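Being a predicted model, the structure only gives us computed values, none of them experimental.
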Amino acid sequence: MEEFRVVLLVFISTVLINNFILVKFLGICPFLGVSKQVETAFSMGLATTFVMTLTAAATWLINTYILEALNLPFLRYVSFIIVIASLVQFVEMFIRKSSPVLYKALGIFLPLITTNCAILGLALLIPLNGYNFITSVVFGLGAGIGFTLAIVLMAGLRETLEFGDVPETLQGVPITLILAGLMAMAFMGFSGLISI
Amino acid sequence: MDPVYIYSILSMGGIGAILAIGLGLASKKFHVEVDERITQVEEILPGANCGACGFAGCSSFAQAVINGNTELTGCPVGGEVVADKIAEILGVEGETNETVRAQLLCNGGIKETKKLSNYQGIKTCKAADSINGGTKSCQYSCLGYGDCMEACPFDAITISDNGLPIIDKEKCTGCGKCVTACPKNIIVLAPETKLNHIRCSSHDPGKVVSKICEVGCIGCTLCVKACPVDAITMKDNLAVIDYDKCINCGICSTKCPTNTIEFNGRLIEKLIITDNCVGCTRCKKACPVDAISGEIKKVHEIDQDKCVQCGLCAKVCKVDDAIIVTYKD
């Protein structure tokens with residue numbers, strides 16, 4: 001029961017309190033790049049969640065059974081990156097086969113999940129936090145859901161903003177950055193939600 | 001040897017090998033059939049992935065070309081050679097799109113128009129235009145401060161001594177930057193093949209125009225009446241040419257009393273149908289003034305009284321030397 005409590009806490013804290021985008025400022029590139037339409041943003045979020053969960057599992061296994069067992073912690077970056085790259089490649093092939101429309105909508109941002117710092121950040125945070133396998137997977141899932149939540153909220157705001165009367169100088173990227181800043185401040189409100 | 005080296009090499013090599021095998025299998029399982037022309041085009045492209053075409057790389061460009069989202073000539077690195085090869089793959093003849101060139105629809109320079117006031121502000125058309133529409137007598141006229149020249153990325157525009165931009169046809173690429181830069185909206189993009197241009201944009205009534213400009217359109221409608229294909233219409237005291245309809249006959253330019261209409265081609269003196277005519281009736285159908293008579297499969301004849309020398313019959317005629325065109329000059 002105690003373990004379940006910890007897992008649940010990790011999940012909630014990664015989704016809301018330590019949201020990867022809005023609190024840790026990781027993965028800003030797709031956050032700004034693919035947040036023009038709710039639908040695409042949601043798909044991007046799902047793809048990233050999928051990669052994050054798999055990454056969490058794969059990197060935990062590699063870290064625990066290969067790198068730590070052989071005392072090679074300095075290989076973390078290199079090995080994590082090739083694992084992430086391969087996973088993204090796999091997801092890309094899968095999406096291309098199963099949904100060409102989604103493949104087109106995600107465009108360049110799909111292969112760019114590889115270089116998404118949120119994913120490498122996640123992989124590196126797991127050994128740092130000392131999670132076990134289950135917690136790691138939940139941590140990855142939570143990070144992905146938090147990512148999806150942030151990017152979908154952003155897309156919803158930007159869709160509404162299309163009809164808004166934005167001053168000419170702020171149109172486009174500036175207003176988006178202001179929005180992101182306001183959202184980040186709003187998410188700071190979660191910081192007192194729970195304490196472990 | 002330090003075991004760390006061996007462990008590192010083995011572990012990384014092992015991870016890499018496993019992932020490679022996994023991906024290899026997955027790529028077989030999730031193989032997607034792509035248009036083979038895309039791969040062909042990709043092979044032709046330079047493969048530098050420089051992005052000069054505006055796409056993310058050579059493969060994105062290849063896709064866009066096949067889907068018809070961009071020009072064949074879009075790859076600046078490959079140039080004409082690559083464009084020709086792509087055209088071959090697509091089965092089209094080189095440049096299929098009509099190329100356009102910027103045309104200035106105003107001939108009222110310093111000499112032809114009058115000056116109403118002195119302007120000492122910022123020397124740009126936009127600034128001058130915002131103050132009572134500039135200093136010239138005609139409010140539609142070119143201001144001559146050269147906003148279009150500044151905007152032109154190809155140095156195709158120079159301002160003449162007469163205060164009018166001269167557009168170099170060789171250098172102009174038809175990008176349209178000057179069109180948006182001009183506050184008077186007197187630059188248009190016209191097909192390169194069209195030789196007739198009405199060089200006036202004034203919507204003032206004829207009386208006013210004749211007072212303020214020597215070469216303005218006075219709305220006499222002579223060109224409208226003369227045009228054999230109804231390509232010219234009057235819009236608010238101004239003759240406007242429809243480039244889609246224009247057949248480059250140049251008749252309008254001969255009728256214009258103020259020399260507003262420019263014609264860069266050759267005027268036709270006379271058209272004669274010879275005995276080579278096979279009587280296909282193409283010319284008869286094409287003639288806008290019904291000047292051609294004749295039965296099918298018999299030699300046709302042109303009624304010289306009715307003929308307006310537009311040359312349309314000669315253009316549609318498919319038989320060699322069936323219609324002889326003599327040009328003026």
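Interface residue A/Ile62: only side-chain heavy atoms are found under 4.5 Å from chain B. Both the backbone and the side chain of A/Leu70 come within less than 4.5 Å of a heavy atom of chain B. Of the two parts of A/Ile82, the backbone and the side chain both hold a non-hydrogen atom closer than 4.5 Å to a non-hydrogen atom of chain B.
The number of heavy-atom neighbours closer than 6.0 Å to CZ of A/Phe50, taken from other residues, nucleotides and ligands shown, is 12 or below. Other residues, nucleotides and ligands contribute only 12 or fewer heavy atoms inside 6.0 Å of the CZ atom of A/Phe94. In this structure, A/Phe42 places its CZ atom where only 12 or fewer heavy-atom neighbours from other residues, nucleotides or ligands lie under 6.0 Å away. Within 6.0 Å of atom CD1 in B/Ile122, 12 or fewer heavy atoms from other residues, nucleotides or ligands are found, so the atom counts as exposed in its surroundings. Atom NZ of B/Lys126 has 12 or fewer heavy atoms from other residues, nucleotides or ligands within 6.0 Å.
For the pair B/Leu23/A/Met93, a side-chain contact is recorded, criterion being any heavy-atom separation below 4.5 Å from C-beta on. At least one side-chain heavy atom of B/Val4 sits less than 4.5 Å from a side-chain heavy atom of A/Phe74.
With rounding to the nearest 0.5 Å, the separation of CZ in A/Phe90 from CG in B/Leu19 is 11.5 Å.
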Using distance alone, with no hydrogens and no angle check, list the donor-acceptor pairs under 3.5 Å between chain B and chain A.
unit_1: B/His31; atom_1: O; unit_2: A/Lys97; atom_2: NZ; d: 2.9

